[in-house]
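Worksheet for the structure shown next.
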Amino acid sequence: MTDEKPMPQFRTRQYFLELFGAFAIYGVVLFATIGRVEETDPGLMKMALALAPVLPLILVFWAIMRAYYRSDEMHKRIQREAFAMGAIIFGWILIFMGFAENGGLPKIPMIAVAPLLLMFWGICTPIVMRRYT
Amino acid sequence: MGYLYADCDAEVHIENLIKTLRKDRKWSQQDLAEKLGVSRQTINAIERDRYDPSLELAFKFADVFGQPIETLFTPKGK
């Protein structure tokens, strides 16, 4: 066996620190900008303030991807299957809601799509994990 | 959950001697997991035939146990 650098390992505490740290920054930016967006005249500044919370969300997705790449092969496989399952279920729900709008149900706001997709991914993870554990 | 994975019946199922060899060396699943750089759950899943390792990981098993891969992993029924 060649001398290899050890693979970085998934550590729950590190993951939650990175994830919640990113969410904390997101929360601070959100609260700092949300009121000021309403007060600002339409233009570049208003758009910049409105989009400011998007930047710390990059840290959230970065934390999730780092955790994925630190996982071992079995856990990566579980996450891939869970994401696929969650995306298919959520896609069906979106189609259902799309048709239901014609019947009077409210639209799902665009801003809710990513969190809901992540939520379904999270729900499907223990379901997929039962196959392996 | 079996109905979700019906097509997996077409896969080749692999038997392994991991648990036997690990116990011979008096290693815990955590010990073996640390030697291989994987989680204890992965070792548990492999020993219970719930998960078949990749070729890369199979070679690491062979290296850790000092046995050829063919000794450690065989298709079921052979």
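We use all heavy atoms of the structure for the numbers below, so side chains are in, but hydrogens, waters and symmetry mates are not. Lettering follows sequence order; numbering is per chain, from 1.
Within a 6.0 Å radius of CZ in A/R36, no more than 12 heavy atoms belonging to other residues, nucleotides or ligands are found. Open room surrounds CZ on A/R13; 12 or fewer heavy atoms of other groups in view lie less than 6.0 Å from it. Taking a 6.0 Å sphere around CE of A/M110, one finds it holds 12 or fewer heavy atoms contributed by other residues, nucleotides or ligands. The environment of A/K46 atom NZ is dense: over 12 non-hydrogen atoms of other residues, nucleotides or ligands sit within 6.0 angstrom.
Judged by distance alone, with hydrogens and angles left aside, the side-chain atoms of A/R131 form no donor-acceptor pair with the main-chain N or O of B/R50 at under 3.5 Å.
Both A/F23 and A/V113 belong to a common hydrophobic cluster when Ile, Leu, Val, Met, Phe, Trp and Tyr are linked at side-chain heavy-atom distances under 4.5 angstrom.
Atom CD1 in B/I43 sits 9.5 Å away from atom CE in A/M74 (nearest 0.5 Å). Atoms CZ and CG, on B/R40 and A/D72 in that order, are 11.5 Å from each other to the nearest 0.5 Å.
Most heavy-atom pairs under 4.5 Å with chain A, from the set B/A62, B/S54, B/P53: that is B/S54.
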key: Test side chain to side chain donor-acceptor pair (under 3.5 Å) applied to A/E73 and B/Y51, step by step   = CA-CA 10 Å; A/E73 58 180 58; B/Y51 176 72; 2.7 Å; yes

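Between A/H75 and B/T42, the closest side-chain pair of non-hydrogen atoms falls below 4.5 Å.
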